[in-house]
Amino acid sequence: MFLDLTPQQIAFRDEVARFARDVVAPRAATIDSTGEFPSDVIRAAASLGLLGMTVSTTWGGAGRDYLSYALAIESIGRASATVATSLAVTNSLVAELVEHAGTDAQRDRWLRQLTRGDTVGAFALSEAGAGTDAANQQTTATRIDGGAAYRLAGRKVWVANAAAAGVMIVFAATQPGRRGQGVSAFLVPGDAPGIVRKALDDSLGVRGLGCMDLDLDVTVGADQLLGEVDRGFALAMWALQGGRVAIAAQALGIGQAALDEAIAHARTREQFGRPIAQFEAIQWMIADAATELDAARMLMWKAASVKARGETGAVESSMAKLAASEAAHHAADKAMQVLASAGYRRGSVVERLFRDVRATEIYQGTSEAQRMIIAKHLSR
Ligand SMILES: Cc1cc2nc3c(=O)[nH]c(=O)nc-3n(C[C@H](O)[C@H](O)[C@H](O)COP(=O)(O)OP(=O)(O)OC[C@H]3O[C@@H](n4cnc5c(N)ncnc54)[C@H](O)[C@@H]3O)c2cc1C
């Protein structure tokens, strides 16, 4: 049944596709070349309800179902991988988590700002020694002032949106050494004294994402604890399950854009007196890429539908992200082959997609991490 989109989902997807084509796509090359965070594009996205897409209207969100959200991220990803990642972080990793685990006061304070596009959110989990092993948190949260406040101290790495974020969800060990059993989550204003933003991470792709390392020595009130003390790691995993659906969608957008470029080039480029689209070798590359993307798209729709039913869908979201990111990588690789020197030229669209797509196999859990989650579930 999940193969059929409702008329509302189709209308929303088409509206976002127009925005992606008219507003986002014309900016993609500049975002990539300058590496500047696209605040104006994010604000424009907010006016279309693309921040807090699944958040309840009570808190200013658009109250959409998860598949609509994923379709929107795919459309945006087709135009700019960077904008899609930024939206996925604010939506899945921050806004959804604040709605899921926050108090009404926290929801009121942060969700309205995020959904209006007044600011973006960041999710600070990774550390130098806590990548795939995210439970190995060395940032500490120590109770001070008789329990009225916490002092957060440590260093976070690769924090997307950090350059512009008005709120960050920071994970820290409240019981050092107890790994996932002793980590808590905190809502930290982006301008809190004691946050030192290090230089922008100079990345291969998704440039302009505002990724930064953060040195933290911050005091937060106990009312800034998100959810229960020592239960923050489970919250991080909850958020990432939704985030992986979004990254699967983003990857499909990038892969589809690469396939579009390959088809357009194959139709017009002539060799041996014929368009190269008439050569079987080229046709097979296009057919394989299209088939892999569509198969992964079905997994993404399934994962989004499971999430829409209110289930966590850990295994479905990992399968969707694994399949979509690898299919998109293959599609970008095949597109490069179809375009050959025209794709390999610095500044070509395929060259950007080829760099951007690689991140989808790394962030929000590497492909190996997704395989670990799937295998663990299957061998229970
Ligand atoms: C562009 C970008 C944006 C990011 N944004 C954020 C963000 O907003 N917030 C945030 O917290 N983090 C963010 N990250 C960090 C990202 O989540 C980590 O890079 C990712 O989890 C992998 O960690 P690592 O890079 O330390 O690799 P490592 O964990 O060091 O892994 C290295 C290699 O070993 C493999 N490996 C590790 N453990 C195992 C195992 N047990 N079995 C098999 N293979 C294994 C990995 O799959 C990988 O191939 C971002 C990263 C990038 C590149």
Side-chain angles (χ1 to χ4, degrees), residues 31-32 35 37 77 80-97 120-139 152 154-165 167-173 179-180 183 185-186 188 190 195 197-216 226 232-233 235-244 246-247 250-251 254 317-318 321-322 325-326 329 352 355-376 379:
I31 293 168
D32 176 62
F37 186 81
S80 164
T82 300
V83 175
T85 312
S86 175
L87 292 179
V89 169
T90 297
N91 276 283
S92 290
L93 302 189
V94 180
E96 286 173 25
L97 188 50
V120 295
F123 181 87
L125 178 67
S126 298
E127 300 180 359
T132 303
D133 185 11
N136 183 36
Q137 293 286 309
Q138 301 303 308
T139 298
L152 310 184
R155 170 178 271 219
K156 296 292 176 181
V157 300
W158 283 102
V159 182
N161 284 350
V167 60
M168 304 182 181
I169 300 182
V170 175
F171 297 86
R179 296 181 50 84
V183 170
F186 297 89
V188 182
I195 300 180
R197 289 170 164 82
K198 309 308 263 189
L200 278 176
D201 289 311
D202 190 10
S203 57
L204 176 73
V206 285
R207 295 171 59 75
L209 188 55
C211 260
M212 290 180 148
D213 295 356
L214 306 174
D215 275 346
L216 301 171
L226 180 64
F233 192 69
L235 292 183
M237 296 304 112
W238 182 92
L240 286 167
Q241 283 155 9
R244 285 168 188 153
I247 298 305
Q250 180 216 12
I254 303 169
S317 61
S318 285
K321 180 178 185 285
L322 175 63
S325 59
E326 294 195 347
H329 180 172
R352 169 165 49 82
R355 288 184 285 106
D356 284 344
V357 77
R358 206 57 185 81
T360 66
E361 292 168 296
I362 296 173
Y363 48 39
Q364 301 205 20
T366 61
S367 293
E368 292 71 33
Q370 308 315 320
R371 288 186 169 91
M372 281 157 54
I373 293 167
I374 296 162
K376 191 172 161 195
S379 53

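Remember, it's 1-based here, ligands and their atoms both numbered in the order they're listed. For this chain, numbers begin at 1 and follow the sequence in order.
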So, taking the atom named CZ in R155 and the one named OG1 in T139, what distance separates them when rounded to the nearest 0.5 Å? 10.0 Å

Nearest neighbour of atom 2 (C) of ligand 1 from the list Y363, F171, F123, on a heavy-atom basis: Y363

How far is atom 11 (O) of ligand 1 from its nearest protein heavy atom, and which residue and atom name does that atom have? S126 N, 2.7 Å

In this structure, does ligand 1 have an atom that sits under 4.0 Å from one of the heavy atoms of A369? no

Under 4.0 Å from a heavy atom of C211: give me the atoms of ligand 1 that qualify, with their elements. 3 (C)

Mode of T366 contact toward ligand 1 - side chain, backbone, both, neither (heavy atoms, under 4.0 Å): side chain

Can you name the atoms of ligand 1, numbered from 1 with element, that are less than 4.0 Å from a heavy atom of L125? 11 (O)

Does E368 reach ligand 1 with a nitrogen or oxygen that is under 3.5 Å from one of the ligand's nitrogen or oxygen atoms? yes

Calculate, to the nearest 0.5 Å, the distance between atoms CG and CD1 belonging to L209 and I31 respectively. 10.5 Å

Indicate, as side chain, backbone, both or neither, the part of M372 found under 4.0 angstrom from ligand 1 when only non-hydrogen atoms are considered. side chain

Are any of the N/O atoms in V206 less than 3.5 Å from those in ligand 1? no

Measuring from non-hydrogen atoms of I362 to any atom of ligand 1, is the shortest distance under 4.0 Å? yes

If you scan the protein for heavy atoms around atom 13 (C) of ligand 1, do you find one that is closer than 4.0 Å? yes

Which value, rounded to the nearest 0.5 Å, describes the distance between W158 atom CH2 and I362 atom CD1? 8.0 Å

Side chains of T85 and Q250, donor plus acceptor under 3.5 Å: yes

Do any nitrogen or oxygen atoms of A160 come within less than 3.5 Å of a nitrogen or oxygen of ligand 1? yes

Output yes when a side-chain donor or acceptor of K156 lies under 3.5 Å from a complementary backbone atom of F123, and no otherwise. no

Under the 4.0 Å line, does any protein heavy atom show up next to atom 35 (C) of ligand 1? no

Measuring from Q137:CD to E127:CD, what's the distance to the nearest 0.5 Å? 4.0 Å

Minimum-distance pair of heavy atoms, taken over all atoms of V94 and I169: CA-CD1, 3.9 Å

Would you say ligand 1 has an N or O under 3.5 Å from any N or O of W158? yes

Could you measure the distance from the CH2 atom of W238 to the CG atom of L97? Nearest 0.5 Å is fine. 6.5 Å

Are R207 and D356 ion-paired here, with the side-chain N under 4.0 Å from a carboxylate O? no

Closest to atom 31 (O) of ligand 1 among protein heavy atoms sits T132 OG1, 3.6 Å

Begin with the C-alpha distance, continue with both residues' side-chain angles, and end with the deciding distance and a verdict on side-chain contact (heavy atoms from CB on, under 4.5 Å) for R179 and N136. CA-CA 6 Å; R179 296 181 50 84; N136 183 36; 3.9 Å; yes

Contact bool for atom 6 (C) of ligand 1 (protein heavy atom, d < 4.0 Å): yes

First locate atom CZ of F37, then atom OG of S86, and finally report the distance between them rounded to the nearest 0.5 Å. 3.5 Å

Which residue holds the protein heavy atom closest to atom 24 (P) of ligand 1, what is that atom called, and what is the gap in Å? G131 CA, 4.0 Å

